[in-house]
Amino acid sequence: MKENPLLPDRQSPNAKSFRVLFLYPNIQMSALAPQGIAYLSAVLRQNGFVVDIFDTTFYTSDLTSDTNNEKVYLSIVRPFNWDEKGITPQPGDMLYDFAQKIEEFQPDLLAISVVESTWCIADIMLQNLPRRIRTIVGGVFPTYAPEIVIAHPNVDYLCRGEGELALLSLCTALADGKDTTALPNVWAKIDGTVHRNPLGSTLTLDDLPLPDWSLFEEKSLYRPMQGHVYKTIGVETQRGCPYKCTYCNSPANNELYRNQKVGAFYRKKSIARIAQELSRVVDMYSPELIYFVVDTFLAMSDRELAEFSEMYQDFKIPFWMNTRAETMTPWRAEQLEKMNCLRVNIGIEHGNDAYRNKMLLRTVSSERMLEAFQACSGRSFVCVANSIIGFPDETRDLVFDTIEFNRRLPRDIEASGAFIFTPFHGTHLREVAVARGYLDPATICASNVTRGSLLHMPTLSPEELLGLCRVFSFYVKMEKERWPEIRLAESNTAEGERKFKELRDEFVERYRNSTINPKEATGVYTSLE
């Protein structure tokens with residue numbers, strides 16, 4: 001039996017002449033080098049294949065702009081300056097440069113990693129290929145909308161679920177001229193026939209090679225956070241999530257793998273492996289920030305956290321992480337301080353207990369959530385509270401339940417405003433929205449169409465939700481006597497815009513010297529942070 005399934009018994013003798021070009025069709029300036037591609041590159045390189053990447057992140061193109069945020073919210077992004085790290089937008093025409101890259105690199109396979117919001121970018125780039133190239137598309141979107149992806153005339157293969165073994169198997173088969181119609185996790189479109197293969201067994205995360213960050217340009221390793229630009233490396237400590245939230249597609253991964261009986265999708269790396277990875281990135285890249293790419297970072301026992309904390313105190317690199325209220329206690333907050341945590345995001349999602357339990361399958365009580373935020377209050381790290389509005393059948397009164405809950409938080413918790421619910425493929429609430437007639441089942445949640453809500457509900461219109469979103473933290477932080485004028489600022493009228501700008505300027509000035517991030521405190525999220 002092989003010690004490592006990612007090192008086959010016989011490597012392809014043709015690997016060194018087989019070239020794979022990764023395409024990362026990213027929203028512009030949404031900077032964090034993708035860990036998934038870093039793993040895939042490491043797997044291919046350790047098996048002798050030649051790889052390169054075309055990354056759209058730093059191109060200022062209409063194709064990659066996030067119109068949801070730029071046109072409405074960019075004026076209140078917390079100020080930061082890319083120049084402090086010498087980072088500038090990529091000059092030139094993105095589609096032209098992509099064509100040139102293909103002509104120069106001469107790939108045998110184009111490998112594209114997409115989420116639903118970036119599929120529209122990949123679609124246009126595929127339509128503008130300078131010549132026909134064998135193409136595989138992987139990521140969350142092809143996993144849960146495979147028929148859409150495989151129907152594209154310039155897509156030959158797609159990967160459902162994990163891609164490390166799947167991409168290696170495909171490249172080996174193509175390099176050796178072997179059959180590609182029966183590879184686990186891979187759908188193959190050959191002569192118009194689609195071969196829909198089941199999933200293969202999951203990997204032990206410790207078997208993965210260390211991610212290959214050398215694939216990316218130096219500037220791809222920088223990311224804005226808390227008003228500064230940090231050299232940032234993503235680190236995966238777990239894959240998947242043990243919870244069942246209906247607005248997220250992580251639970252669908254667990255269900256997909258369980259139904260096909262190929263192993264548990266939710267897995268953890270050993271502490272020793274994480275320490276090895278951290279040592280490597282410190283030696284090679286000297287990161288200023290670690291970004292833990294994990295759905296629920298603190299989904300671990302106290303014993304595991306104690307071991308992790310002891311290990312990480314040898315590094316003490318500032319870090320960001322996301323977790324849930326159920327996982328936070330005063331002792332755990334103390335451990336985060338010892339580890340030199342910079343920022344913790346905790347999801348509230350909804351302030352009404354009954355709605356949160358029934359519709360979102362989040363059984364945590366409001367009192368338990370308050371305890372979690374109180375445990376984080378007064379700490380050396382920033383704690384951010386996230387909310388979502390615009391769920392199916394939500395009313396204005398329910399939105400104000402969430403606002404009222406945010407008003408109960410300790411004053412030093414950053415009330416980050418609200419996301420508007422996006423019905424991504426693979427989420428249970430997308431199915432609910434379609435079944436109730438609120439969403440066209442053909443809708444793709446692309447970055448250029450998600451301004452406001454995609455749901456058309458009798459209870460709240462997309463326009464109402466957009467207005468509520470942009471003044472969310474005015475309602476949270478300002479006195480209730482101001483609520484009538486805040487409501488005026490919700491409207492998309494000349495008077496509403498005037499009032500919004502007036503309140504925004506007052507709000508920013510009011511909290512300029514506090515711990516509150518003006519951008520986050522006005523319900524605004526952009527691709528920049």
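Glu326 approaches Tyr243 most closely through the heavy-atom pair OE2-CE2, 4.2 Å. Considering all non-hydrogen atoms of both residues, Glu116 and Cys445 come closest at OE2-N, 2.9 Å. In plain terms, the two heavy atoms of Ile233 and Pro287 that are nearest each other are CG1-CB, 3.8 Å. Gln46 and Gln11 get closest at one heavy-atom pair: O-NE2, 3.8 Å. Smallest separation of non-hydrogen atoms from Ala166 and Val186: CB-CG2, 3.8 Å. Looking at every heavy atom in both residues, Gly347 comes nearest to Arg362 through O-NH2, 3.0 Å.
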Q: Could you give me the CA-CA distance, side-chain angles and deciding distance for Arg19 and Val51, then say whether side-chain contact (heavy atoms from CB on, under 4.5 Å) is met?
A: CA-CA 6 Å; Arg19 306 169 75 82; Val51 302; over 6 Å; no
Q: In sequence, state the C-alpha distance, the side-chain angles, and the governing distance for Ser387 and Phe419, and then conclude on side-chain contact (heavy atoms from CB on, under 4.5 Å).
A: CA-CA 6 Å; Ser387 300; Phe419 292 103; over 6 Å; no
Q: Kindly indicate, with the supporting measurements, whether the criterion side chain to side chain donor-acceptor pair (under 3.5 Å) is fulfilled by Tyr59 and Asp97.
A: CA-CA 10 Å; Tyr59 282 93; Asp97 288 355; 2.8 Å; yes
Q: Check step by step if side-chain contact (heavy atoms from CB on, under 4.5 Å) holds for Trp213 and Met284.
A: CA-CA 9 Å; Trp213 300 112; Met284 295 188 67; over 6 Å; no
Q) Could you walk me through whether Asp55 and Ser220 pass the side-chain contact (heavy atoms from CB on, under 4.5 Å) check? A) CA-CA 9 Å; Asp55 182 351; Ser220 297; 3.5 Å; yes
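Taking the side chain as every heavy atom from C-beta outward, Leu199 and Leu256 approach each other to under 4.5 Å. Between Thr135 and Tyr157 the shortest side-chain heavy-atom distance does not fall below 4.5 Å. Taking the side chain as every heavy atom from C-beta outward, Leu109 and Ile136 approach each other to under 4.5 Å. Between Leu174 and Leu170, the closest side-chain pair of non-hydrogen atoms falls below 4.5 Å. Counting only heavy atoms from C-beta outward, the side chains of Arg239 and Phe265 approach each other to under 4.5 Å. Put simply, the side chain of Glu277 reaches to within 4.5 Å of the side chain of Lys269, judged on heavy atoms. Two residues are said to be in side-chain contact when any heavy atoms from C-beta on lie closer than 4.5 Å; Tyr285 and Thr232 fail this criterion. Residues Glu236 and Tyr39 are in side-chain contact: their nearest non-hydrogen atoms beyond the backbone lie under 4.5 Å apart.
For the residue pair Tyr24/Ser113, the side-chain donor-acceptor check at 3.5 Å is not satisfied. In this structure, a donor-acceptor pair under 3.5 Å is present between the side chains of Asp176 and Ser12. With hydrogens and angles left out, the side-chain atoms of Arg45 and Asn47 include no donor and acceptor closer than 3.5 Å. Neither side chain, Asp206 nor Thr204, offers a donor N or O lying under 3.5 Å from an acceptor on the other.
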Identify every side-chain donor-acceptor pair in residues 187-195 under 3.5 Å, counting partners at least two apart or on other chains, and give the distances.
| from | atom 1 | to | atom 2 | distance (Å) |
| --- | --- | --- | --- | --- |
| Lys189 | NZ | Ile150 | O | 2.7 |
| Lys189 | NZ | His152 | O | 2.7 |
| Lys189 | NZ | Val155 | O | 2.9 |

Cut-off 3.5 Å, no hydrogens considered: what does the side-chain donor-acceptor table look like for residues 291-298, sequence neighbours left out?
| from | atom 1 | to | atom 2 | distance (Å) |
| --- | --- | --- | --- | --- |
| Tyr291 | OH | Arg223 | NH2 | 3.4 |
| Asp295 | OD2 | Ser250 | OG | 2.5 |

Enumerate donor-acceptor pairs with a distance under 3.5 Å from any side-chain N or O in residues 86-94 to protein atoms, sequence neighbours excluded.
| from | atom 1 | to | atom 2 | distance (Å) |
| --- | --- | --- | --- | --- |
| Gln90 | OE1 | Lys219 | NZ | 3.2 |
| Asp93 | OD2 | Leu95 | N | 3.3 |
| Asp93 | OD2 | Tyr96 | N | 2.8 |

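In this structure, Asn249 contributes its side chain and Phe424 its backbone to no donor-acceptor pair below 3.5 Å. Checked by atom type and distance alone, the side chain of Glu164 never pairs as donor or acceptor with a backbone atom of Leu40 at under 3.5 Å. Between the side chain of Arg273 and the backbone N or O of Thr237 there is no donor-acceptor pair closer than 3.5 Å. Although no hydrogens or angles enter the test, the distance criterion places no donor-acceptor pair under 3.5 Å between the side chain of Asp212 and the main chain of Ala38. Under the 3.5 Å distance criterion, the side-chain polar atoms of Asn386 are left unmatched by any main-chain donor or acceptor of Ile348. With hydrogens and angles ignored, the 3.5 Å screen pairs a side-chain donor or acceptor of Arg267 with a backbone N or O of Leu203. Between the Gln35 side chain and the Gly234 main chain, a donor and an acceptor come within less than 3.5 Å of each other. Ser169 places a side-chain N or O within 3.5 Å of a backbone atom of Leu165 that can act as its donor or acceptor partner. A donor-acceptor distance shorter than 3.5 angstrom exists from the side chain of Thr143 to the backbone of Gly139, with no hydrogens or angles considered. Checking side-chain atoms of Ser279 against main-chain N and O of Ala275 turns up a donor-acceptor pair under 3.5 Å.
By the 4.0 Å N-to-carboxylate-O rule, Arg196 lies close enough to Glu147 to be salt-bridged with it.
In this structure, Met457 CE and Asp393 CG are separated by 7.0 Å, a value rounded to the nearest 0.5 Å. Atom NE2 of His350 is separated from atom CD1 of Ile389 by 9.5 Å, given to the nearest 0.5 angstrom. Taken from OG in Ser201 to NZ in Lys261, the straight-line distance is 13.5 Å, to the nearest 0.5 Å. Taking CZ of Phe472 as the reference point, atom CG of Leu465 lies at 11.5 Å (rounded to 0.5 Å). Here the CZ atom belonging to Arg324 is positioned 14.5 Å from the CG atom belonging to Asn345, to the nearest 0.5 angstrom. Here the CD atom belonging to Glu431 is positioned 10.5 Å from the OG1 atom belonging to Thr246, to the nearest 0.5 angstrom.
Ring planes of Phe391 and Tyr247: tilted class, angle from 30 to 60°.
For Phe98, the ring pair (Phe, Tyr, Trp, His ring centres under 6.0 Å) partners at least two apart in sequence or on another chain are Phe54. Under the rule for a salt bridge (charged side-chain N to carboxylate O under 4.0 Å, His left out), Arg280 has no partner lying at least two apart in sequence or in another chain. Under the salt bridge (charged side-chain N to carboxylate O under 4.0 Å, His left out) criterion, Glu218 pairs with Lys231, not counting sequence neighbours.
Ring centroids of His456 and Tyr438 are separated by 6.0 Å or more, keeping the two rings apart.
Crowding of Lys101 atom NZ: a count of heavy atoms from other residues, nucleotides or ligands under 6.0 Å exceeding 12.
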